[in-house]
Amino acid sequence: MSKKLVLIDGNSIAYRAFFALPLLNNDKGIHTNAVYGFTMMLMRILEQEKPTHMLVAFDAGKTTFRHSTFSEYKGGRQKTPPELSEQFAFVRELLDAYKVPRYELENYEADDIIGTLSVKAEEEGFEVKVISGDKDLTQLATDKITVDITKKGITDVDSYTPAFIEEKYGIPAERIIDMKGLMGDTSDNIPGVPGVGEKTALKLLKEFGTLEQLLENTDKVSGKKLQEKLEEFKEQAILSKQLATIHKEAPVKFALEDTIYEGYDEKKVYELFKELGFNSLLEKMDITESADEQILEEIKFTIVQGFTEEVLASDSTIIIEVMEANYHKSEIQGIAIVNEHGSFFIPTEIALKSELFKEWASNERNKKTVYDGKRSIVALGWKGIDLNGVEFDCLIASYILNPALSTEDIATIAKAKGLNQVQSDEIVYGKGAKRCCPDENILAEHLVRKAVALHKLKELYIEDLKQNEQYELFTDLEMPLARILADMESEGITVDIPRLQSMGKEIGEKLASLEKSIYELAGEEFNVNSPKQLGVILFEKLNLPVVKKTKTGYSTSADILEKLADQHPIIKYILDYRQLGKLQSTYIEGLLKVVHNDTAKVHTIYNQVLTQTGRLSSTDPNLQNIPIRLEEGRKIRQAFVPSHSDWVIFAADYSQIELRVLAHIANDANLIDAFNNDLDIHTKTAMDVFHVKEDEVTSNMRRQAKAVNFGIVYGISDYGLSQSLDITRKDAGKFIARYLESFPGVKEYMEEIVQDAKQKGYVETLLHRRRYIPEITARNFNVRSFAERTAMNTPIQGSAADIIKKAMIDMAERLKSENLNSKVLLQVHDELIFEAPRDEIQILEKIVPEVMENAVELKVPLKVDYSFGPTWYDAK
DNA sequence: GCGCACACGC
DNA sequence: GACGTACGTGTGCGCC
């Protein structure tokens with residue numbers, strides 16, 4: 001393999017980094033900009049150059065051999081700013097963590113070390129790369145030695161090769177020093193010849209070759225004045241050349257084999273980055289705490305081939321391992337149980353066959369601690385085993401304590417609590433295509449380690465939950481909800497497959513015809529689904545005006561295309577094509593792909609521990625974004641039907657739940673009054689914002705007021721509002737201001753919650769759900785503004801999420817106590833979708849609004865609308 | 001395999 | 001006044 005040596009001019013790069021970046025500092029007030037820039041440069045080099053050898057050279061002390069020939073060398077230099085000097089220690093630490101050798105030599109500059117080593121390396125057949133911010137180094141360039149000089153910032157460089165130098169200066173690389181001798185260097189206080197700058201120097205060297213040849217032939221130089229100067233400062237020019245010449249035979253006591261680069265020390269890099277607050281770099285490197293330093297102590301456990309009372313104790317921690325992301329009808333790889341009697345691994349088939357296990361699992365009195373209990377409940381459910389008594393779910397506890405923390409696997413949450421005797425699933429199972437189930441003994445140990453960690457985590461979490469006043473949220477809301485979600489997921493919702501197929505056929509035909517029209521209007525065939533190709537057709541071939549560009553090209557999003565609709569007939573076809581294409585690929589084909597063919601049902605998976613606000617999310621398929629706004633899309637809902645003939649789909653949704661929550665928490669008299677009188681809130685908002693009477697509210701005013709309310713609920717900025725209303729940001733800002741004047745209680749709330757968040761570092765919902773917002777103190781306007789909107793919005797959206805979750809729990813109880821067969825199948829943020837036998841409709845009409853409206857008591861009534869019909873489409 | 005642009009819902 | 005702006009999931013494209 002070819003050898004590649006990278007030599008870095010440490011002082012120079014640190015200087016460049018320091019002046020290129022703003023004066024960043026970490027949480028302890030230590031300045032970090034030079035180290036940060038240095039790190040960025042180092043990371044780029046390692047990635048792009050992939051060196052086999054590396055060295056960073058530093059200047060040693062204040063005086064060098066150059067001072068003995070010219071005492072004023074580097075005189076008059078500005079003192080290194082203290083903000084920079086203090087960072088050199090960290091730069092050295094950084095290099096040690098990266099295991100990059102560093103070197104300095106008494107009496108010599110970094111340049112000389114680099115020069116000496118680069119020549120040595122070249123002789124031994126290395127490819128050499130020199131990195132500096134100082135153009136002096138370019139004199140080293142040869143066919144094998146490239147010199148990178150930082151241009152702008154720290155990572156943007158010019159590569160000086162002999163060819164590049166020839167082209168740039170018109171002289172060979174080895175004449176750079178002659179140029180310096182003539183023109184001098186103010187930064188190093190090298191005098192040169194007064195009156196000679198770069199241009200004159202180059203002109204002279206092109207004519208005479210070297211400095212020496214020039215000085216011997218000064219009489220031939222054109223221009224009397226120049227002749228005189230050259231004569232007068234002959235010796236000074238020679239001296240200057242000497243000073244500028246890099247010493248290539250410095251007594252470097254550092255052999256090339258000592259510069260071998262073997263990779264960085266992950267642990268040290270992690271710790272240093274943590275200390276310096278380089279969180280973005282940590283993420284970029286994808287390294288976690290002591291990833292390669294994990295020392296697993298031996299662990300004792302028993303592989304059981306049969307069950308005993310010891311294994312099946314109450315208060316056990318249990319892992320039911322399902323490796324696949326989608327746990328419906330998936331294999332269970334193995335089971336681990338940890339309790340006061342010990343640690344056990346149970347092969348899946350033994351457990352599934354065992355009546356003892358079945359009984360123990362289903363018995364409510366046997367309390368279980370788990371991680372992602374919903375996954376276990378559903379997976380076991382498919383195998384005919386009912387898992388009850390799930391008392392403590394560490395995944396949920398971790399999410400409640402801090403929804404921002406990654407809840408990827410047990411190792412992640414365990415490490416956050418200082419437990420390091422468990423490996424990450426990714427390490428044990430692999431990732432991507434290589435992911436697979438390991439041998440039983442490896443699996444057994446992994447699962448037992450996970451269970452042991454959970455066992456310990458439970459105690460730690462209970463303490464934290466109580467401390468945060470979140471224990472009730474955990475035990476009374478999220479834990480019971482997990483069971484309800486498990487039941488909803490297992491139940492699934494029936495899909496009318498033939499209906500979807502016929503819709504697909506119809507849409508397919510329309511798409512084909514639209515495609516044909518588009519090709520005709522474009523005058524050629526292209527991929528309409530490719531924004532890139534579409535952009536070329538619209539903005540280059542058809543010459544439509546470019547309204548907006550994206551990072552990668554022209555924007556072709558719907559709102560932009562709509563602005564162009566009257567400019568060319570192709571636009572309308574493209575918009576229709578997009579709309580139908582989305583229906584076809586996502587909702588027809590996508591849905592058909594995930595229907596279980598034997599039952600014609602889809603079983604979504606709700607993620608209960610993902611969103612920062614407390615909402616659920618839905619995947620595989622996502623049943624929370626089935627079309628409704630446009631009629632063509634809405635028809636997709638005709639394919640969602642009850643699982644029994646003559647049953648109905650019953651849908652109930654909260655009316656304006658977020659704004660009601662806002663009225664409550666902001667305690668705004670005007671808003672409370674509006675809801676107490678059951679006013680149309682958008683009309684009411686329009687009346688107040690536009691100062692008009694009810695009968696003067698135009699549909700446009702109401703539309704704008706609705707957008708403002710939307711903005712309040714979702715925490716969008718004036719910019720966001722301006723985009724949705726297609727008005728200027730200034731006007732959008734005025735709307736918001738007028739809104740806040742009309743609802744002074746809301747205004748006060750918005751101000752207080754931001755202060756509150758600043759002081760406490762987090763905001764809370766009605767039921768004590770937390771969201772930490774550290775960015776609220778950021779100095780960057782954007783980051784801080786976003787944090788402020790988050791602070792305002794999260795209690796609103798999060799409390800609404802709390803309320804519907806509470807309603808789901810109350811609903812499950814009520815359906816049970818009323819002995820009903822109706823079932824809740826889906827939750828879509830503010831609505832619940834049921835399937836119900838016809839003879840239960842009447843009672844649902846009574847109890848569903850009752851339960852939902854009384855989930856919590858606010859200063860305003862909660863209002864629920866409901867509807868039912870033979871399909872989801874009809875429940876409108 | 002991944003990031004981007006786009007589009008759907010609340 | 002900068003800067004890039006609610007949260008999710010899924011799809012196809014185009015690059016590596």
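In what follows, every chain begins at residue 1, and chains take the letters A, B, ... in the order their sequences are listed. Since we're looking at a predicted model, the values are computed, not measured.
Between the side chain of A:Arg637 and the backbone N or O of A:Ile626 there is at least one donor-acceptor pair closer than 3.5 Å. Counting only distance, with no hydrogens or angles, the side chain of A:Arg771 and the backbone of A:Ala791 share no donor-acceptor pair below 3.5 Å. Side chain of A:Glu853 to backbone of A:Val864: a donor-acceptor contact under 3.5 angstrom is found. The backbone N or O of A:Ser655 lies less than 3.5 Å from a partner atom in the side chain of A:Arg660, making a donor-acceptor pair. A donor-acceptor contact shorter than 3.5 Å is absent between the side chain of A:Asp668 and the backbone of A:Ala663.
Within the structure, every side-chain polar atom (N or O) of A:Thr556 is placed at least 4.0 Å from both OP1 and OP2 of B:dA5. Taking side-chain N and O atoms only, A:Arg615 has no distance below 4.0 Å to OP1 or OP2 of B:dC10.
For the pair A:Arg435 and A:Glu426, the salt-bridge criterion is not met [side-chain N within less than 4.0 Å of a carboxylate O]. Between A:Lys510 and A:Glu515 there is no salt bridge, since none of the side-chain N atoms of the basic residue sits less than 4.0 Å from a carboxylate O of the acidic one. Salt bridge absent: A:Lys548 and A:Asp559 never bring a charged side-chain N and a carboxylate O closer than 4.0 Å.
With sequence neighbours left out, the ring pair (Phe, Tyr, Trp, His ring centres under 6.0 Å) criterion links A:Phe735 to A:Phe690.
Comparing C:dA6 with B:dC2, their P atoms are spaced 27 Å from each other, to the whole Å. Spacing of P atoms, B:dA5 relative to C:dG4, comes out at 13 Å, to the nearest Å. When the P atom is used for both C:dT5 and B:dC6, the distance is 14 Å, rounded to whole Å.
When heavy atoms are screened at a 4.0 angstrom cut-off, A:Gln579 is found touching the sugar-phosphate backbone but no base atom. If you check every strand for non-hydrogen atoms under 4.0 Å, A:Ser717 touches a base. Nucleic acid contact for A:Glu658: none, since no nucleic acid atom lies under 4.0 Å from a heavy atom of the residue. Counting non-hydrogen atoms under 4.0 angstrom, A:Gly720 reaches nothing in the nucleic acid. Residue A:Ser618 is in sugar-phosphate contact alone, with no base atom involved, counting any heavy-atom pair closer than 4.0 Å across all strands shown. Using a 4.0 Å heavy-atom criterion, one finds that A:Asn607 contacts no nucleic acid atom at all. Nucleic acid contact for A:Asp718: none, since no nucleic acid atom lies under 4.0 Å from a heavy atom of the residue. Residue A:Arg729 is classed as a base contact, given a heavy-atom separation below 4.0 Å to a base. Heavy atoms of A:Asp830 sit under 4.0 angstrom from primed sugar atoms or phosphate atoms, though from no base atom. When heavy atoms are screened at a 4.0 angstrom cut-off, A:Thr790 is found touching no nucleic acid atom at all. The residue A:Phe781 sits close to a base: some heavy atom pair falls under 4.0 Å. Across all strands, A:Ile628 comes closer than 4.0 Å only to sugar-phosphate atoms, never to a base (heavy-atom distances).
For the pair A:Ile796 CD1 and B:dC10 P, the interatomic distance rounds to 19 Å; values are reported in whole Å. Rounded to an integer number of Å, the gap from A:Leu832 CG to B:dC10 C1' is 14 Å. Rounded to an integer number of Å, the gap from A:Lys635 NZ to B:dG9 C1' is 19 Å. When rounded to the nearest whole Å, the span between CG of A:Leu591 and C1' of B:dA7 equals 16 Å. Regarding A:Gln584, its CD atom lies at a distance of 17 Å from the P atom of B:dA7, rounded to whole Å. One interatomic measurement links the two molecules: CG of A:Leu623 to P of B:dC8, which rounds to 17 Å at whole-angstrom precision. Taking atom CD1 of A:Ile636 as the reference point, atom P of B:dC8 lies 11 Å away to the nearest angstrom. Separating the CG atom of A:Leu580 from the C1' atom of B:dC8 is a distance of 14 Å, rounded to the nearest angstrom.
If you take CG on A:Leu662 and CD1 on A:Ile657, they are separated by 12.5 Å, rounding to the nearest 0.5 Å.
A cation-pi arrangement is absent between A:Arg729 and A:Tyr719 under the rule of less than 6.0 angstrom and at most 45 degrees off the ring axis.
At a cut-off of 3.5 angstrom, counting only N and O atoms as typed in the model, there is no donor on one side facing an acceptor on the other between the side-chain of A:Arg578 and the base of B:dC6.
Taking a heavy-atom distance under 4.0 Å as the criterion, the stretch of DNA chain C touched by chain A extends 5' to 3' from C:dA2 to C:dC15.
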(request) Represent DNA chain C in dot-bracket notation, 5' to 3'. Only Watson-Crick or G-U wobble pairs with both distances under 3.5 Å count; pseudoknot-style crossings use [ ] and interstrand partners use |. (result) ......|||||||||.

